[in-house]
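Protein chains get the first letters and strands the later ones, always in sequence-line order, with residue 1 at the start of each.
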Amino acid sequence: MLQKPRGTRDFLPDEMESRREVESRMRGVARSWGYREICTPEFEELDLFTIRSGEGIIQEMYVFEDKGGRKLALRPELTAPVLRMYVNEGKTLPKPLRWFYFADCFRYERPQKGRYRQFWQFGVELIGADTPIAEAEVIMLAHEILSSSGISFTLHVGHLSFMRILLKELDPFDQKRARMFLDKRDTPGLREYLSGRDHAALSDRLIALAGCRDLSQAFEITGDFPERERIEELFSILEEAGICYTLNPGIARGLDYYTGMVFEAFADNLGAENQVLGGGTYRLAHLFGGEDTPSCGFAVGFDRIMVARGERPAAPGKSAGVAFTPEGRPWALRVAGEFRKAGIRTPLDLTGKSIGQQLSGISRFAEYAIIIGGKERDSKTVTLKDLRSGIQKNLSLDDALHEVCSGDTR
RNA sequence: GCCAGGGUGGGGUAGUUGGUUAUCCUAGGGGACUGUGGAUCCCCCGACCCGGGUUCGAGUCUCGGCCCUGGCCCCA
């Protein structure tokens, strides 16, 4: 038998409904902040991603050549495509641009919990605003979106300037190594590495900074620097907004194009792969041939959100199955149409069995049964049975609709 | 790419020292049953992940691969 490709998943209706529900909450939040949805191609020129992230990522992407010999890649993320789109067709739009997306991405990696080869990201990019409140807005929006998803999470906000000030005395290679140690919280490793390179004093300051959870203390460690005022304003906006977050000057993020504020969120109940969101302030447009444009954004790992939510029954919609006899069919079709117009899921019986058997089938999934036979056809009425209480009434079409609409769902 | 643990009908399971027709539950389909309930009864469908090896004989032992789960690496 054929199998689905490694790292991909099938979604049955129960799971799909639950995903759509979370997805629509996220969309709703983003819209309410004035963000509008965009869509970019599923695949792009390979160069788009190597320019952004380096040649090394080729082995972790789905790369292929089309019949015209073009080097293409399934998108491994969406920030680069969105900024490419901005450069191509967004330059003349009034700034700032508030965009969001919900789309699938592909990475050729070893699957594990919360990590798949096809996965979905919900993300936001705020393009062309370069103020503390713009950065704060993105953080606030991220916080609201995660909250709306119903998971329990911890939000870490940092700024690259702290680390950069301290690392300035190292050459670029050592800077990178030092950041890796910090990222892994490997303080003995960091000490050993730096003392072997005559920077023993630095490791204490770095470790103190990474563990620092208070802004003024962080500045004590680093000393003053030009962005201080801006950073303080950003964090005071977060305080004003009442956002619950943790200051974390140790956040490094993998890539070099982040310019200042960086933030991450972690689900409280996940294992090794517990990061559910990452983002920050960056400059990327100039790499794709546009003007140097300040931007800020984040991406949510949608699948991890769903894992963190755990098994939850999706809220059922109203449902009424139609049982009918051959004589009742024309009227049953009319009645079913009216119920559907009212937003009620109204499947017809397809078996043509006895009314009793039709009811058996309907009672497996629906709250109500609509019974239509010759009598109902002749009187233009509806026999509506509440399958939970067993109470059955003969009603006009309007009354039946009203009864179902006002009833509780199961 | 690396490490560990796994893989028996759609889901969940039993399977003795290697021994006949692979167990049970559930789900699914059909019927009893064309004007009133998820029941019941009967019937049906359906599996040893794939390939090599050992053996008279492999679900069972062995090797390789694939896939799943968790972790490492990476994490744009």
Contacting residues from [range], given that a heavy atom lies under 4.0 angstrom of RNA chain B:
| range | result |
| --- | --- |
| residues 369-381 of chain A | A/Ile371, A/Gly373, A/Gly374, A/Lys375, A/Glu376 |
| residues 97-113 of chain A | A/Arg107, A/Glu109, A/Arg110, A/Gln112, A/Lys113 |
| residues 280-302 of chain A | none |

Could you work out, with ring-ring contact (aromatic ring centres under 6.0 Å, His included) as the rule, every residue matching [X], not counting sequence neighbours?
| X | result |
| --- | --- |
| A/Phe119 | none |
| A/Phe235 | A/Tyr245 |
| A/Tyr116 | none |
| A/His156 | A/Phe266 |

Who passes salt bridge (charged side-chain N to carboxylate O under 4.0 Å, His left out) against A/Asp204, sequence neighbours left out?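 For A/Asp204 the salt bridge (charged side-chain N to carboxylate O under 4.0 Å, His left out) partners, ignoring immediate neighbours, are A/Arg191.
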Minimum-distance nucleotide to A/Lys385 side chain [options: B/G35, B/C75, B/G37]: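 Of the candidates, B/G37 comes closest.
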Could you pull out every donor-acceptor pair under 3.5 Å between side chains of residues 275-282 of chain A and any protein atom, sequence neighbours left out?
from, atom 1, to, atom 2, distance (Å)
A/Gln275, NE2, A/Leu277, O, 3.0
A/Thr281, OG1, A/Glu135, OE2, 2.8
A/Tyr282, OH, A/Glu125, OE1, 2.5

Rounded to the nearest angstrom, tell me the gap between atom CD1 in A/Ile362 and atom C1' in B/G37.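 The distance from CD1 of A/Ile362 to C1' of B/G37 comes to 10 Å, rounded to the nearest Å.
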Taking only distance into account, with no hydrogens and no angle test, what donor-acceptor pairs under 3.5 Å do side-chain atoms of residues 99-106 of chain A form with protein atoms, sequence neighbours excluded?
from, atom 1, to, atom 2, distance (Å)
A/Asp104, OD1, A/Arg75, NH2, 3.1
A/Asp104, OD2, A/Gln118, NE2, 2.8

Give me each pair satisfying side chain to side chain donor-acceptor pair (under 3.5 Å) with a member in residues 143-154 of chain A, each pair once, sequence neighbours excluded.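 Only A/Trp33-A/Glu144, A/Ser152-A/Asp268, A/Thr154-A/Asp268 qualify under side chain to side chain donor-acceptor pair (under 3.5 Å).
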Please list, chain by chain and in numerical order, all residues satisfying side chain to side chain contact (heavy atoms under 4.5 Å, CB included) with A/Pro330, sequence neighbours excluded.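 With sequence neighbours excluded, A/Pro330 shows a side chain to side chain contact (heavy atoms under 4.5 Å, CB included) to no residue whatsoever.
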